[in-house]
Amino acid sequence: MRFAAIADIHGNCAALRAVLDDIASLGIREIVNLGDCFSGPLEADRTGDLLLLLDMHAVRTVRGNHDRYLIETPAGALAPSDAHAHAQLSQRHFDWLRKLPLNMVYRDEVFLCHATPRDDNVYWLEEVSSDGHVFLKPLSDIDALAEGIDQPLILCGHSHVPRAVQLSDGRLVVNPGSVGCPAYDDDKPFVHKVETGHCMASYAVMEKAASGWVPQFRNVPYDHMAMSRLAAKNGRLDWATALATGRVG
């Protein structure tokens, strides 16, 4: 059993296309998408059209927190990245978002969610200190969030950090990283920044071996500077810097 896991596209259609090409080159035909598909100052409309097409070919998608904002928050109250995406999306995209589940079990063995099973806006594997340091959560806290899940493989996104953590009972939690947003800052729960330090699109290939599930983290180059220039054109120099450098300016 072998499939690809993608997450946190954030409207970066160029990065998504590069990842899809890489997946196809590996002969992989099944993909799971862990949400946050559109939010950002890029190409939500083109990303949406591509995802709707993929959805017809056995791609399984769960809803992210920014996907939820797009269908639950009045347009005038949206934050800038969400507002840009909202203005680009069509009714068919919103209809698709409304149908997405918060969680899903894939092929009986894999639990899918965007962030955590019960909260789509909490890091599962990372913790943020009051001084803005982002670090790996204690194993007991990661274990606690997996309570009630029976599947041996758990996939989450949200933090944009590619990471695999083995639970105390042997199960594996994997974040494939972000397809379209290599760095960002946030003010919740405390002001902090997340930086990959590179400009490539990230995803993971999951393969079931005799010893259990094995993740292969992949980084795919694409024309990130075109997306950086687009972000700058749309008035988002923070995104332009992140896309150009993999760091927060």
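Just so you know, these numbers come straight off a predicted model, no measurement behind them.
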Presence of salt bridge, Asp169 and Arg171, under 4.0 angstrom: yes
Heavy-atom pair of closest approach, residues Asn121 and Ala115: N-CB, 4.0 Å
Evaluate the side-chain proximity of Phe190 to Ser129: yes if any heavy-atom separation is below 4.5 Å, no if none is. no
Would the His160 and Tyr184 ring centres measure less than 6.0 Å apart? yes
Looking only at heavy atoms, which two atoms of Ala7 and Asn33 are closest? And how far apart? CA-OD1, 4.3 Å
Is the centre of the His192 ring less than 6.0 Å from the centre of the Tyr123 ring? yes
Which pairs count as side chain to side chain donor-acceptor pair (under 3.5 Å) when at least one residue sits in residues 12-24, sequence neighbours excluded? Asn12-Tyr222, Asp22-Tyr203, Asp22-Arg218
So, His158 and Asp36: side-chain donor and acceptor under 3.5 Å apart, yes or no? no
Indicate yes or no for a side-chain donor-acceptor contact from Asp223 to the backbone of Ala226 under 3.5 Å, with no hydrogens or angles considered. yes
Distance alone, cut at 3.5 Å: any donor-acceptor contact between the side chains of Ser159 and Asn175? yes
Whether Ser228 side chain and His224 backbone form a donor-acceptor pair below 3.5 Å: no
Any donor-acceptor pair under 3.5 Å from Arg63 side chain to Leu100 backbone: yes
Looking only at heavy atoms, which two atoms of Leu112 and Val110 are closest? And how far apart? CD2-CG1, 3.7 Å
Which residues, ordered by chain and number, are linked to Trp124 in its hydrophobic cluster, where ILVMFWY side chains connect at heavy-atom gaps below 4.5 Å, directly or through other members? Val105, Phe111, Leu125, Leu136, Leu139, Ile142, Leu145, Ile149, Ile154, Val165, Leu167, Val173
Flag the pair Leu70 / Leu97 as yes when at least one side-chain heavy-atom distance between them is below 4.5 Å, and no otherwise. yes
Suppose we screen for side chain to side chain contact (heavy atoms under 4.5 Å, CB included). Which residues come up paired with Glu43, at least two apart in sequence or across chains? Cys13, Asp45, Arg46, Met227, Leu230
Identify the two heavy atoms, one from Ala244 and one from Cys199, that lie closest to each other, and give their separation to 0.1 Å. O-SG, 3.0 Å
Could you state whether Leu26 and Leu54 fall into the same hydrophobic cluster, counting links through intermediate Ile, Leu, Val, Met, Phe, Trp or Tyr residues with side-chain heavy atoms under 4.5 angstrom apart? yes
Can you check side chain to side chain contact (heavy atoms under 4.5 Å, CB included) on Cys37 and Trp96, steps first, answer last? CA-CA 11 Å; Cys37 302; Trp96 180 76; 4.0 Å; yes
Does a salt bridge link Lys137 with Glu127, judged by any charged N lying under 4.0 Å from a carboxylate O? no
Before you tell me yes or no, could you show the steps for His66 and Asp82 under side chain to side chain contact (heavy atoms under 4.5 Å, CB included), namely the whole-Å CA-CA distance, both residues' side-chain angles and the distance that decides it to 0.1 Å? CA-CA 7 Å; His66 284 281; Asp82 299 320; 2.8 Å; yes
Please identify each residue that fulfils ring pair (Phe, Tyr, Trp, His ring centres under 6.0 Å) with His93, with sequence neighbours left out. none
With rounding to the nearest 0.5 Å, note down the distance linking OG1 in Thr47 to CG in Leu52. 11.5 Å
Scan side-chain atoms only and decide if Asn65 and Asp120 contain a donor-acceptor pair under the 3.5 Å cut-off. no
To the nearest 0.5 Å, what is the distance between OH on Tyr69 and CG on Leu78? 10.5 Å
Is a donor on one side and an acceptor on the other found under 3.5 Å between the side chain of Asn234 and the backbone of Pro41? yes
Determine, using the 4.5 Å side-chain heavy-atom cutoff (strictly less than), whether Leu89 and Leu51 are members of one ILVMFWY cluster. yes
Interatomic distance, Cys113 atom SG to Met104 atom CE [nearest 0.5 angstrom]: 11.5 Å
Going only through I, L, V, M, F, W and Y residues with side-chain contacts under 4.5 Å, is there a path from Phe217 to Val205? no
Look up atom CZ in Arg247 and atom CD in Glu195, then write down how far apart they are to the nearest 0.5 Å. 6.0 Å
May I ask you to decide if Gly177's main-chain N or O and Ser202's side chain share a donor-acceptor pair within less than 3.5 Å? no
Report the residues that fulfil side chain to side chain donor-acceptor pair (under 3.5 Å) with Tyr106, sequence neighbours left out, ordered by chain and then residue number. Glu30
Please answer whether the main-chain N or O of Ala77 pairs with a side-chain N or O of Thr73 as donor and acceptor at a distance below 3.5 Å. no
Is Val174 reachable from Ile31 through a run of hydrophobic residues whose side-chain heavy atoms are each under 4.5 Å from the next? no
Is there a continuous path of hydrophobic side-chain contacts, each under 4.5 Å between heavy atoms, that joins Met225 to Met200? no
Between Asp143 and Ser168, what is the shortest heavy-atom contact and its length? OD2-OG, 2.6 Å
With side chain to side chain contact (heavy atoms under 4.5 Å, CB included) as the test, would you mind laying out the steps for Ile6 and Leu16 before giving the verdict? CA-CA 9 Å; Ile6 64 175; Leu16 176 59; 4.1 Å; yes
Taking side chain as C-beta onward, heavy atoms only, is Met206 less than 4.5 Å from Leu153? yes
Run the salt bridge (charged side-chain N to carboxylate O under 4.0 Å, His left out) test on Asp55 and Arg60 for me, step by step, so that the C-alpha distance in whole Å, both residues' side-chain angles and the decisive distance to 0.1 Å come before the verdict. CA-CA 7 Å; Asp55 195 57; Arg60 299 291 179 262; 5.6 Å; no
Under the rule for side chain to side chain contact (heavy atoms under 4.5 Å, CB included), what residues qualify as partners of Arg98, not counting sequence neighbours? Ile71, Gln91, Phe94, Asp95
Looking only at heavy atoms, the pair that brings Pro221 and Ala18 closest together is O-CB, 4.0 Å
Evaluate the side chain to side chain contact (heavy atoms under 4.5 Å, CB included) criterion for residues Leu34 and Asp8: first the C-alpha distance (whole Å), next the side-chain angles of each, then the deciding distance (0.1 Å), finally the verdict. CA-CA 7 Å; Leu34 306 176; Asp8 296 287; 6.0 Å; no
Once you round to the nearest 0.5 Å, how far does OG1 of Thr116 lie from CG of Asn103? 8.0 Å
Using a 3.5 Å distance criterion without hydrogens, assess whether the side chain of Gln88 forms a donor-acceptor pair with backbone atoms of Leu42. yes
Would you say Glu72 has more than 12 foreign heavy atoms packed within less than 6.0 Å of its CD? yes
Could you check if a side-chain atom of Leu20 sits within less than 4.5 angstrom of a side-chain atom of Leu50, using non-hydrogen atoms only? yes
Please check this pair: side chain of Thr196 against backbone of Pro182, looking for a donor-acceptor N/O pair closer than 3.5 Å. yes
How far does CH2 of Trp239 sit from NE2 of His10, to the nearest 0.5 angstrom? 6.0 Å
Sub-3.5 Å donor-acceptor pair from the side chain of His114 to the main-chain atoms of Gly157, do we have one? no
Is there a side-chain contact between Val161 and Glu126 (heavy atoms, below 4.5 Å)? yes
